[in-house]
Amino acid sequence: MVLGVSGGIAAYKSAEVVRLLRRAGARVQVVMTEAARRFIGEVTLQALSEQPVLTDMFDLGAESRMSHIQLAESADLLLIAPATADLIARLAAGMANDLLTTIALVTRAPLLLAPAMNVHMWQHPLTRANLERLRLCGRLHLVGPGEGSLACGDVGPGRLADPAVIVAAAAGLLEPKDLAGCRVLVTAGPTHEPLDPVRYLGNRSTGRMGFALAAAAAARGATVTLVAGPTDLVPPPGVEVVRVETAVEMEAAVVARYDGMSAIVMSAAVSDFRPAAVAPAKLKKEPLGESPSVRLVRNPDILAGLGRRRAAAGKGRRRGAAGRGPVLVGFAAETDHVVEEARRKLREKRCDIVVANDVTAAGAGFAAETNRVTILGPGDACEEVPLLGKDDVAHRVWDRVAALLCGPPVEGIA
Ligand code: C5P
């Protein structure tokens, strides 16, 4: 994790935060602002964190110009303690004018701020607005400030939270590494089925759910392969990406990587049909008055194929164990009878879990940032998940998968 220290009188307490984090087993990279260096010695934080402290963007990259980006991407949490009013303002403005704010803008890790400032600064409408702005960007968490007498003589909210409280809040945000040692494959996005060199049959999937699943699995320590249909999304760092266009290509990519996978999560919206033939040249609208018709043929059902393959390999095994078949998770985008349809798919495709969503519901489905799903399986289990960000939905799915991977052998399913 990265611990940012900004320049306020409470910066001296960051030494205790580092000490407690190290005692809890965290690897801590301290990043100080220029102003913080006036309040606490770099040497103190370096000794306690057992890592060189970073301050200057331009010092970092003797060996690599991009190392601040790598540092931001590899962080599992960005904790800033103390977070001054100035730092919060710079974060809210999206500024990247020093190493700490640059890391904050790059990282996708949760941001935990422990504010500390004068009471009037804390209560100022601009500070409130800045925090609100940051909150809208998501992944913002606050610990404190506490109330009491402040260094400036005022009394009220503005004290840095107790270091032990800050460390407990940080621990609560760090993802469990319960998928460490697991190889998982996630499919994402739509498939495009070409009609001719310029046209295709597609669907409205954006790939967001699948990309969130891949990022969440990587954060939990898994080695992740993301098989992605056409999408503009930027893949999460550290994830192997295999780009495909059609269902047949997706099937080949998944089948080739099946062996050795602990879990396969099929969140892609695979086209059920494809044009029977792809015209070698663009279809013409002439002669006038004639409308061409397109004959469709069925695409392979990739998930059902994986379910059959796993069933053929034997029953009564621990899911995800080497050579015994991966945990299989399907998605079911439905418009009516959501749970019944999903339960049928769970049975027919022989998977362990089906994540069902009503794509017509507000805040759910293809283009939304959020999703409201029901997670069915294993067996009769049925969990209705409230409307959540797709990142959080992804973690709920991995919670289930992780429980299956650690649980007793599954008898008779498949
Ligand atoms: O049958 P339906 O398309 O609703 O099933 C959805 C689930 O099956 C998803 O997990 C999707 O990725 C998978 N699927 C597949 N191959 C298809 C169609 C769907 O693997 N041809």
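These figures come from a predicted structure and were not determined experimentally. Just so you know, ligand 1 is whichever comes first in the structure, and atom 1 is the first atom listed for that ligand.
- Across Gly330, Ala247, Ala268, heavy-atom proximity to atom 11 (C) of ligand 1 is greatest for Ala268.
- In this structure, atom 7 (C) of ligand 1 lies nearest to the protein heavy atom Phe331 O, 2.9 Å.
- Remark: minimum distance from atom 4 (O) of ligand 1 to any protein heavy atom is reached at Lys345 NZ, 2.5 Å.
- Remark: distances from the non-hydrogen atoms of Arg298 to ligand 1 are all 4.0 Å or more.
- Within a 6.0 Å radius of CZ in Arg204, other residues, nucleotides and ligands contribute 12 heavy atoms or fewer.
- When Val329, Asp272, Ile302 are ranked by how near their heavy atoms come to atom 16 (N) of ligand 1, first place goes to Ile302.
- Atom 10 (O) of ligand 1 has its closest protein heavy atom at Met266 O, 2.6 Å.
- Both tests pass for Arg128 against the ring of Trp122: distance under 6.0 Å to the centre and angle within 45° of the axis.
- Here the rule is side chain to side chain contact (heavy atoms under 4.5 Å, CB included) with Val373, and of Val385, Val397, Val354, Val338 only Val385 fits it.
- At a heavy-atom distance under 4.0 Å, only backbone atoms of Pro300 (N, CA, C or O) approach ligand 1.
- Taking distance alone, with nitrogen or oxygen atoms compared against 3.5 Å, Thr187 stays at or beyond that limit from ligand 1.
- Protein heavy atom closest to atom 20 (O) of ligand 1, with residue, atom name and distance, is Leu303 N, 2.8 Å.
- With hydrogens and angles ignored, the 3.5 Å screen pairs no side-chain donor or acceptor of Glu251 with any backbone N or O of Asn299.
- More than 12 heavy atoms of other residues, nucleotides or ligands lie within 6.0 Å of CZ in Arg108, so this atom counts as buried by the packing criterion.
- Of the protein's non-hydrogen atoms, the one nearest atom 5 (O) of ligand 1 is Lys349 NZ, 2.8 Å.
- The shortest N/O to N/O separation between Ser267 and ligand 1 does not fall below 3.5 Å.
- If you run side chain to side chain contact (heavy atoms under 4.5 Å, CB included) between Arg208 and each of Asp391, Thr370, Leu233, Asn371, only Leu233 comes through.
- Thr191 contributes no side-chain N or O that, together with a main-chain N or O of Val270, makes up a donor-acceptor pair within less than 3.5 Å.
- Counting non-hydrogen atoms of neighbouring residues, nucleotides and ligands closer than 6.0 angstrom, the NZ atom of Lys282 reaches no more than 12 such neighbours.
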